[in-house]
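The structure appears right after this line, and notes come after that.
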There are 2 protein chains.
Amino acid sequence: MITKMRAKTKLRKKPDKLWSLDEISQFLSQQGIRPSFHRLKVFEYLINERTHPTADEIYEVLKKEIPAISRATVYNNLRLFLEKQIVQLLNVEKNEARYDATLSWHGHFKCLGCGQVYDVGIESLKLSWLDNYQVLEKHLDLKGLCPSCRERNKFKEQEGLNG
Amino acid sequence: MITKMRAKTKLRKKPDKLWSLDEISQFLSQQGIRPSFHRLKVFEYLINERTHPTADEIYEVLKKEIPAISRATVYNNLRLFLEKQIVQLLNVEKNEARYDATLSWHGHFKCLGCGQVYDVGIESLKLSWLDNYQVLEKHLDLKGLCPSCRERNKFKEQEGLNG
DNA sequence: GTTAAATATTATAATGATTACAAAAATGAG
DNA sequence: CTCATTTTTGTAATCATTATAATATTTAAC
């Protein structure tokens, strides 16, 4: 039963194959970005983990492997990736900039219980008027509770229904 | 021709009737919020102007009429309105919290030229999976150029197409 | 491979929006 | 009116991010 649900709900899907540093290096070069080591590692984290991390999460993780890395380096490189438009910035939550290396059109769901950000597929979206407007960015951001956090909070949820 | 286009594109629609302070006072009381004077004025600005202002924009405007008002008061009351869920917070842009007293489901378009935020009607939205997720907030945020800023930038736009 | 020029990284200071705090003012109940 | 509660004020503190200047690394030319 649970297994079935899990199969239906595609959470945090990791890519089928992880990118090697060589592939990332090639990719960055193609985009006119010099593939320095720290830069490669920041992009590697984004593209292979796909957890929509904050700058600080990336910093904390990379610091374990590269103790000399500086927080500013992470910020600098994320800013560069945004300028070169190979990653997008998520403002799901105020004061919590997150980064996503997947650029195809999809939405995001942030669980207010566990803090995770999930990708959401968008089948269709129809807006009532936008003629003559030039749309350069689209963001669909949802917030709420994921199934497991919802389960954990069931009591409160039922309380809410009554009171 | 232009008139026709304007008629079709409903920008920044002001409400048909403006709310009086009395009506706002009643409304806040209904919501369990004591209608202090500064509080009324902050809500009045949100509900009658509907420009999705930042806290600072509200502060700057109200200061003209109420020189003694404090920036903290504006922030305090906006926070209260959010807690009581009579306004929503917009994170269209990082480090630019905006407030909206319209709670019905609609999107937002921020013009990167003039900075204005327009309401966007949503006719339909279909997500590919969200069973068992409890959605508490939905935000659709667009960015780009509004028709007049687009016109002003036409040269650059055409340059972009060629280069 | 050396050297010079350009770029990247580092550590730290600065910024800016927002929040916290404590004192003063305003409001409401009795 | 008087006391208790709430609101407002002004300022200090916070926190994520950016700016800065010095150092290190990389690249290209020779």
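A, B, ... follow the sequence lines: proteins, then strands. Residue 1 opens every chain. Computed over heavy atoms, backbone and side chain alike; hydrogens, waters and symmetry mates excluded.
Among the atoms of the strands shown, base atoms are found under 4.0 Å from some heavy atom of B:Thr73. B:Asn77 comes within 4.0 angstrom of sugar-phosphate atoms only, judged by non-hydrogen atoms across all strands, and of no base.
Annotation for A:Glu123: atom CD counts as buried by contact number, over 12 foreign heavy atoms lying within 6.0 Å. Within a 6.0 Å radius of NZ in A:Lys17, more than 12 heavy atoms belonging to other residues, nucleotides or ligands are found.
For the side-chain contact (heavy atoms from CB on, under 4.5 Å) criterion with B:Lys41, the lone passing option out of B:Arg39, B:His38, B:Glu44 is B:Glu44.
For D:dT9, neither phosphate oxygen OP1 nor OP2 lies less than 4.0 angstrom from any side-chain nitrogen or oxygen of B:Arg71. Phosphate contact (OP1/OP2 of C:dT27, side-chain N/O of B:Arg34, threshold under 4.0 Å): absent. For C:dT19, the OP1/OP2 oxygens have no side-chain nitrogen or oxygen of B:Tyr75 closer than 4.0 Å. Contact annotation: A:Ser36 side-chain N/O to C:dT9 OP1/OP2 distance is under 4.0 Å. In this model, the phosphate group of C:dA26 is not approached by any side-chain N or O of B:His38 to a distance below 4.0 Å at OP1 or OP2. Remark: B:Ser70 is not in phosphate contact with D:dT8, judged by side-chain N or O atoms under 4.0 Å from OP1 or OP2. Distances shown here put a side-chain N or O of A:Arg79 below 4.0 Å from the OP1 or OP2 atom of D:dT18.
Over its full length, the helix from C:dG1-D:dC30 to C:dG30-D:dC1 turns its helical axis through 30°, comparing axes from the five pairs at each end and rounding to 10°.
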Verdict with supporting geometry, B:Val42 and B:Tyr75, side-chain contact (heavy atoms from CB on, under 4.5 Å):
CA-CA 10 Å; B:Val42 172; B:Tyr75 277 103; over 6 Å; no
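Each of C:dT18, C:dA8, D:dT9 was ranked by its minimum atom distance to the side chain of B:Ala68; first place goes to D:dT9.
For A:Arg98 and A:Glu93, the salt-bridge test fails: no basic side-chain N is under 4.0 Å from an acidic carboxylate O. At a threshold of 4.0 Å, the pair A:Asp141-A:Lys110 does not count as salt-bridged, since none of the basic side-chain nitrogens sits closer than that to a carboxylate oxygen.
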